Structure formats: structure tokens, C-alpha cells
Amino acid sequence: MEFINYHDTLRAFPPRRGGTAGGGLATRHDGNYDRKSGFVFLLPYIEQSALANQINAGGVVDTNGNTIFPGGPAGWYGNANWLPWKIQLPFVLCPSDNVPPVTGNNARNSYAFCMGDTLTSAATNSHNSSTYNHRGTFGGSQQVRAIKSMLDGTSNTIVMSERTWGGNLGLNTLTTLGPLAKTVTAIDPNVAASPMICLTHANGPYVGVGQQFKAKFGSIWTDGQAEINGFTTILGPNKISCVVDANVNADSNSGILNASSHHSGGVQCLMGDGSVRFVAENVDTGNTAAPPVTLGQSPYGVWGAMGTIAGGEPAALSN
């Protein structure tokens, strides 16, 4: 209900990725660099006002002698002296997820913001940019939407879902079978044309041998990058994810980011009316060979329809 409380106060949902811009310093202590995650915006609405006040005050001197600006540093910033980013809040973790205790300067998350069925071309429109033309509740930098935009109905529209922790891995190439495909993100520049290509990078429930992949979801709960805190409604829950470029960090420009969990057979999703709905991993996903659309009904079946706020598919959702 924290989303509803936030919306009732500010008349819109928080941005998935936002905050202040910062002045361009390499140390990144002078602003959020547009990457403060939506979780940080929610803090005052989940009985974490003291932590929100600490972030807004700034003033901490980091180990390099830099003073953190009011509002906090970059969303991905990590420093032993800046405690807010390393506090592990239970509300951003699913009890069923296998997230280890925090050992560094950044805490983690296992919930994600719904970006809908939009898959962009990295060459023209990054899913992290302020111009990202998303069809879900949450988009790129600084973008916000309100309940009044959910023309398909709040009970039909996903706001958040689970995604599984993958270990905060950089680029890897497997020589043997493993890990679970639903916990990682494969590299394939062709998925923007045909999302189903992404599925070829899994071997049953595991990542295929020889496949290049990374696992950045949930690695920094305060960072608003799509790979870290977002998901799309294209291939369905518990499928392997894919991005279009081999960026070693969570900075790939576009991709299919799937909801996932360790629950049996599907994921729990938070809907726009505040209810929680279990969505089976075999939910109808329509034509996953189809490229994304910008208007009208989603080509990705019931799952795609649940991710869009105004695709005109309420009838499909009731089936």
C-alpha cells in the first residue's frame, strides 16, 4: 500500500529512476546522477522517514574527503562512510529469494518496477533515458505516471513483481551447464526484432554452455538502472532475460528483463489497486516472435496486456 499512499500524497507514482543530476564530478558525491531508485522515494511512506531525512540532509564526509550533497550521492555510489545506501531494508527483499547478507557498501533488492511490454532499439532509445517511450507504469529517468493513466484499470495493471537475485556477476561465459536461467541476463543484439530469440540461450532451466551472460538485478537497491530494478512483460515469468549489448555493468541500453521468483510455478505481482496477484509462469504470452508495438493491444498476450497501462485489453485479462 506504500505506492497508494505515495500516490495519494503526490498524485503520481514515484519515478523508477530519478533524483538530482549532479555536476559531473568523477567522485559522484554531488548528486544522484538521475539514478536514485524508486525505492528511495518511497521511504517516508514505509515508516522510514528517519532514513529519508538522513539522505536529504547529506553532509557526510566520505573516505576520500568529499562531502555528500543534500539528497544523497549517485544511485550506484558506494562508500564506507555513507550508510544509507548500505542499509538492507526488508521491504525490498522477497523472503523466498536467495539474497546473501550485505558485505560491501550497497544493499540489495528482489522486487522490480514494471516497465510494460516495451522493448527499445539501443541505437535510438535507451530504456534508462528520459525519452524512453514505455507502456508500463514505470519508465526511464524522471518519468512518472498516475492512476488516471491506467486506462485498462488498476486491477488489470501490474505495478511491481519479483525478480530473483543472480549474484551480482559481471560478464561470464559458461564452460559447463549452470546457473539457473531465470537468475541471469544473456547477451544478444537481435532480441529487439524478435523477443523469442532470447529463449534459445537457456538449456532447460539452466544457462546454455558457451553463453555469455551477466547478473546485475538487485545488486544495488538505490540504483534506478533498468537491469537492477525493472522488468518487462514480454516473455513471461521465470524465463531467461536478455540485453542487446555486452556492457559489463548494469548499463546496457535495452533488453528483455523478465520477472522471476523461487515460488513454485510463477511470481507474485503487485497491481495498481494495491492487490497482489499470482501470475503463472505459463501465462499466455501471445506472439513472442513479433516486434514490440507502440500503440494498441500488446502482441504478448495476457502477460503483455497486464504490463500495459492503456493497451485496451481488459477483456483479455478476464479470461
Side-chain angles (χ1 to χ4, degrees), residues 1-22 31-58 69-72 75 84 89 91-92 109 111-118 125 127-161 221-226 228-233 268-277 294-295 298 305-314 317:
M1 294 301 291
E2 59 270 9
F3 275 105
I4 304 301
N5 294 336
Y6 183 102
H7 186 282
D8 286 348
T9 301
L10 298 176
R11 314 311 301 170
F13 292 113
R16 174 182 61 80
R17 179 183 191 268
T20 58
N32 306 136
Y33 288 78
D34 289 334
R35 276 175 57 172
K36 183 165 70 173
S37 81
F39 295 121
V40 181
F41 290 94
L42 288 170
L43 290 176
Y45 303 90
I46 55 165
E47 300 182 351
Q48 292 292 333
S49 293
L51 180 57
N53 291 339
Q54 185 179 355
I55 293 167
N56 291 333
F69 277 34
L89 296 173
F91 97 98
V92 300
N109 59 283
Y111 294 120
F113 298 90
C114 182
M115 301 188 297
D117 66 344
T118 309
N125 191 12
H127 55 197
N128 290 311
S129 75
S130 61
T131 58
Y132 173 55
N133 186 24
H134 62 293
R135 286 166 34 106
T137 306
F138 298 96
S141 185
Q142 308 289 347
Q143 296 188 14
V144 298
R145 280 186 166 150
I147 285 177
K148 65 182 180 181
S149 300
M150 293 181 172
L151 301 184
D152 291 341
T154 56
S155 63
N156 295 324
T157 305
I158 298 174
V159 173
M160 295 197 77
S161 181
W221 75 274
T222 55
D223 191 350
Q225 290 294 77
I228 293 178
N229 79 347
F231 77 100
T232 56
T233 54
Q268 299 282 2
C269 294
L270 175 67
M271 310 304 290
D273 62 353
S275 65
V276 176
R277 182 171 177 179
T294 57
L295 296 171
S298 174
M306 294 177 76
T308 63
I309 63 172
E313 316 101 337
L317 297 175

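Computed from a predicted model, the values in this text were never measured in an experiment.
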(request) Might you work through the side chain to side chain contact (heavy atoms under 4.5 Å, CB included) test for Cys114 and Thr233, ending with a clear yes or no? (result) CA-CA 8 Å; Cys114 182; Thr233 54; 4.0 Å; yes

(request) Could you check if a side-chain atom of Thr222 sits within less than 4.5 angstrom of a side-chain atom of Arg35, using non-hydrogen atoms only? (result) no

(request) Taking all heavy atoms of Gly224 and all of Asn229, pick out the closest pair and write down the distance. (result) O-OD1, 3.4 Å

(message) Tell me if a side-chain donor or acceptor on Arg145 pairs with a main-chain N or O of Gly136 at a distance below 3.5 Å.
(response) yes

(message) Just verifying a value: how many Å separate Ser130 OG and Arg17 CZ, rounded to the nearest 0.5 Å?
(response) 8.5 Å

(message) Counting C-beta onward and ignoring hydrogens, is there a side-chain heavy-atom pair between Leu51 and Leu89 closer than 4.5 Å?
(response) yes

(request) Any chance you could measure Tyr45, atom OH, to Asn5, atom CG, to the nearest 0.5 Å? (result) 8.5 Å

(request) Would you please test Thr118 and Thr232 for side chain to side chain contact (heavy atoms under 4.5 Å, CB included) and show each step? (result) CA-CA 7 Å; Thr118 309; Thr232 56; over 6 Å; no

(message) Measuring from atom CG of Asp223 to atom OH of Tyr33, what distance do you get when rounded to the nearest 0.5 angstrom?
(response) 14.0 Å

(request) Show your working on side chain to side chain donor-acceptor pair (under 3.5 Å) between Asn125 and Ser129 and close with a plain yes or no. (result) CA-CA 7 Å; Asn125 191 12; Ser129 75; 3.1 Å; yes

(request) Flag the pair Ser141 / Asn128 as yes when at least one side-chain heavy-atom distance between them is below 4.5 Å, and no otherwise. (result) no

(message) Show, in sequence, the C-alpha distance, side-chain angles and deciding distance for Thr20 and Asn32, and conclude whether the side chain to side chain donor-acceptor pair (under 3.5 Å) test is met.
(response) CA-CA 5 Å; Thr20 58; Asn32 306 136; 3.2 Å; yes

(message) With a 4.5 Å cut-off on side-chain heavy atoms, are Val159 and Met150 touching?
(response) yes

(request) Verify whether the ring centers belonging to Phe113 and Phe39 lie closer than 6.0 Å. (result) yes

(request) Locate the shortest heavy-atom distance separating Pro84 from Ile55; write the atom from each residue and the value. (result) CB-CG1, 3.6 Å

(request) Check whether any side-chain N or O of Thr137 sits under 3.5 Å from a backbone N or O of Ile158 as a donor-acceptor pair, and report yes or no. (result) yes

(request) Looking only at non-hydrogen atoms, find the nearest pair between Ala52 and Leu43 and report the distance. (result) CB-CB, 4.0 Å

(message) Within the 4.5 Å heavy-atom criterion, are Phe41 and Lys36 side-chain neighbours or not?
(response) yes

(request) To the nearest 0.5 Å, tell me how far Met306 CE sits from Arg277 CZ. (result) 4.0 Å

(request) Kindly give the heavy-atom pair with the smallest separation between Asn109 and Trp221, and that separation in Å. (result) OD1-CA, 3.2 Å

(message) In the structure I gave you, are the side-chain heavy atoms of Met271 and Thr154 within less than 4.5 Å of one another anywhere?
(response) no

(request) Return the minimal non-hydrogen interatomic distance between Ala305 and Ser298, and the atom names on each side. (result) N-CB, 3.8 Å

(message) I'd like to check Phe138 versus Val144 (side-chain heavy atoms, cut-off strictly below 4.5 Å). Are they in contact?
(response) no

(request) Answer yes or no: is there a donor N or O on one side and an acceptor on the other, between the side chain of His7 and the main chain of Ile147, under 3.5 Å? (result) yes

(request) Find out whether Gln143 and Arg16 are in side-chain contact, i.e. whether some heavy atom of one side chain is under 4.5 Å from a heavy atom of the other. (result) no

(message) Under the rule for salt bridge (charged side-chain N to carboxylate O under 4.0 Å, His left out), what residues qualify as partners of Arg135, not counting sequence neighbours?
(response) Asp117

(message) Just verifying a value: how many Å separate Asp273 CG and Ser155 OG, rounded to the nearest 0.5 Å?
(response) 5.5 Å

(request) Measure the OG1-CG distance between Thr308 and Asp152 for me, rounded to the nearest 0.5 Å. (result) 4.5 Å

